[in-house]
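Below: the structure, in structure tokens.
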Amino acid sequence: MTDGLADFLKGTKAEGRAALAGYLPAGYPSIEGSREAFAALIDGGCDILEIGVPFSDPVLDGPTIQAASGTALSTGFRLRDLFGLVESVSSAGGRAVVMTYWNPVYAYGVDRFARDLAAAGGLGVITPDLVPDEADDWLATSTEHNLDRIFLLAPSSTEERIVSTLDVSSGFVYATSVMGVTGARDAVSSAAPTLVSRIREHTSDLAVGVGLGIRSGAQAAETASFADVVIVGSAFVSKVADGLPALTALASELADGVRTSPAPVA
Amino acid sequence: MTEQAGESDPTAQQPDEHDPDARGYFGDYGGRFMPEALIAAIDELSAEYDKARIDPDFLGEFNRLLRDYAGRPSLLTEAKRFSRHAGGARIFLKREDLNHTGSHKINNVLGQGLLTKRMGKARVIAETGAGQHGVATATIAAMMGLDCTIYMGEVDTERQSLNVARMRLLGAEVIPVKSGSRTLKDAINEALRDWVTNVDSTHYVLGTAAGAHPFPLIVRNFHKIIGIEARAQILDQAGRLPDAVAACVGGGSNAIGIFYGFIDDPAVRLYGFEPGGKGIETGEHGAALGEGTPGLLHGSRSYLLQDEDGQIAEAYSISAGLDYPGVGPEHSQLKDSGRAEYRSITDAEAMDAFALLSRTEGIIPAIESSHALAGAIKLGTELGEDGLIVVSLSGRGDKDMGTATEWFNLNSPDAAASRKDS
């Protein structure tokens with residue numbers, strides 16, 4: 001078993017580095033294939049493994065993750081397959097968190113989902129379309145099962161909403177670096193450092209993760225200069241087709257990136 | 001024509017006991033299941049509407065546009081020859097098909113267009129199924145000088161190609177959506193992706209009484225005029241309230257609009273007719289209220305067609321405007337409370353009603369509205385000769401001539417709107 005996310009992230013901070021979180025949809029390219037893919041990410045140095053629940057209507061995802069989720073569903077992924085995957089990631093030494101649109105959890109039963117996830121060794125849930133305002137049952141259930149609640153904040157979030165979201169967040173908070181859907185980009189938005197510093201005005205101990213658009217070691221290093229967790233999704237999803245060694249190689253490059261002192265900001 | 005029809009509208013926007021609670025819930029349904037990135041925009045819209053709904057300048061401008069641009073009040077027409085096929089009950093048609101752009105959709109887009117300008121935004125986006133909401137949005141964008149992008153499922157761009165051409169003529173960019181089932185649901189997904197990317201400059205003119213709060217409230221209130229007019233008109237023409245009000249339900253905007261004229265008249269039964277597609281038993285339908293379970297889609301909790309894993313099902317209907325697996329949250333509340341009753345009408349029943357109204361009354365209805373007409377035939381048979389029914393004729397059927405031509409084989413010289421398979 002691994003320690004909780006908050007303790008782990010205190011450790012990486014003490015090492016003077018950011019943690020690397022890698023996202024892939026569960027069941028992509030197949031159920032067995034996604035076990036191997038997550039193992040490749042762990043081999044390459046991903047600290048946190050974000051296991052995405054494929055959803056029929058992923059409104060926050062760009063074409064890359066839409067297509068991968070569609071493949072996972074059409075090749076037969078079922079929600080019950082998720083927990084076996086979480087278990088295999090955990091037993092391989094990965095820190096597993098689930099990223100999911102809320103309707104699959106709602107349909108499965110919030111309490112049942114939390115119980116099964118905790119039993120499989122999952123550490124928390126990232127909820128892209130569930131804001132704390134609508135999360136009363138999740139707040140109670142996650143506390144009961146000792147799961148981290150990773151909510152999102154955006155450049156458009158008001159100060160008031162940043163404060164109220166941080167109040168109920170645990171593990172880390174997910175700062176979306178651009179206004180838009182997921183997908184690798186050439187440049188990490190300048191909105192990201194601004195948002196992170198706004199968040200840090202209101203919290204000293206909660207870690208801040210930054211995602212949306214990172215695909216290279218240099219971008220990872222740049223992001224690590226202001227974030228505690230560097231989150232990479234679409235770039236890994238695109239690499240799945242190139243095979244497991246390519247996935248591991250990208251993870252290694254990014255893992256080096258989060259340990260690299262960035263060039264001083266001019 | 002009643003004098004009240006135009007005058008009574010300002011009250012339609014006033015807060016009352018039928019408003020959702022502060023968190024946007026109608027009973028157990030509604031809410032704001034949206035990405036954090038869009039919450040600020042939704043809050044801004046709520047705040048703007050709360051000011052506008054009690055602002056005489058806004059209400060005056062909205063009513064002026066409804067009258068001088070959309071052509072309101074719309075007529076209430078008795079369908080005497082059609083009624084003979086409905087057990088002799090008297091059937092009156094609320095003629096939203098006569099509005100500018102050919103459907104009820106213009107009511108909502110005029111209101112949201114004015115809100116867009118008040119918020120200082122220069123661009124609107126919208127989803128469309130049949131193309132009626134897209135055409136309406138493109139129309140007011142042209143009139144108000146707003147940039148306009150419409151998302152439309154690729155399947156629907158093919159079956160409603162005339163409306164695609166209309167939108168482009170009006171200056172809108174029409175983007176065919178190739179993801180998922182390539183219908184209305186996926187058009188909404190793509191519009192939400194655009195909105196989250198361009199939210200600073202852009203208002204999303206949601207076309208139905210669904211989505212995150214405050215959309216179900218706003219869309220309902222901008223369509224309440226349908227029911228307010230219809231109530232005054234039926235009292236004027238028939239001398240009493242109807243026994244039943246019938247409307248089609250996809251997302252449910254025309255239905256909620258006409259229902260609200262009668263919501264406080266408990267003797268008036270409210271009936272929503274969902275798309276039964278090829279028959280409920282085939283699984284190819286869009287009957288979210290009849291066959292669905294509560295879930296979360298496009299920002300609200302409501303009845304929904306989904307599997308046990310919470311994956312959204314692909315709806316089916318011959319009518320592009322009803323081809324949606326969800327429904328507005330207030331309809332879910334009205335179903336649970338029993339205030340409204342929801343039934344389904346198959347493609348074949350709707351097309352029979354489509355032909356029947358054309359032949360008996362010289363009115364070609366939208367296929368969407370034909371579901372309500374088919375429902376009214378059944379209600380009339382149940383009610384008998386003393387029955388009195390108001391039907392929301394939500395749109396006209398010009399856009400559906402491609403589908404009708406194929407269904408009835410109208411290119412054949414001896415076709416007379418008989419079923420192609422009969």
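Note: hydrogens, waters and symmetry copies are ignored here, and every other heavy atom, side chains too, is used. Computed from a predicted model, the values in this text were never measured in an experiment. Residue numbering restarts at 1 for every chain, and letters A, B, ... go by the order of the sequence lines.
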Audit row: B:Met34, A:Glu134, side chain to side chain contact (heavy atoms under 4.5 Å, CB included) steps and yes/no: CA-CA 9 Å; B:Met34 288 294 262; A:Glu134 297 287 356; over 6 Å; no
For [X], which atoms come within 4.5 Å of any heavy atom of chain B: side chain, backbone, both, or neither?
| X | value |
| --- | --- |
| A:Gln66 | side chain |
| A:Ser157 | both |
| A:Pro54 | backbone |
| A:Phe55 | both |

[X] to [Y] - nearest heavy-atom pair and separation:
| X | Y | result |
| --- | --- | --- |
| A:Ser56 | B:Ile312 | OG-N, 2.8 Å |
| A:Val131 | B:Arg32 | CG2-O, 3.9 Å |
| B:Ala40 | A:Ser156 | CB-O, 3.4 Å |

message: Heavy-atom pairs under 4.5 Å with chain B - which of A:Thr127, A:Val53, A:Asp57 has more of them than the others?
response: A:Asp57
- request: For chain B, find which of A:Pro58, A:Pro63, A:Pro155 contributes the most heavy-atom pairs closer than 4.5 angstrom.
  value: A:Pro58
query: Does the A:Asn103 side chain pair with the main chain of B:Gly295, one donor and one acceptor, at a distance under 3.5 Å?
result: no
query: Under a 4.0 Å N-O cut-off, is there an ion pair linking B:Asp309 with A:Arg78?
result: yes
Under-4.0 Å salt bridge between B:Glu36 and A:Arg161: yes
query: If you round to the nearest 0.5 Å, how far is CZ of B:Arg193 from CG of A:Asp61?
result: 7.0 Å
query: Can you list the steps and then say if B:Arg301 with A:Tyr106 is a side chain to side chain contact (heavy atoms under 4.5 Å, CB included)?
result: CA-CA 10 Å; B:Arg301 177 187 295 151; A:Tyr106 184 78; 3.2 Å; yes
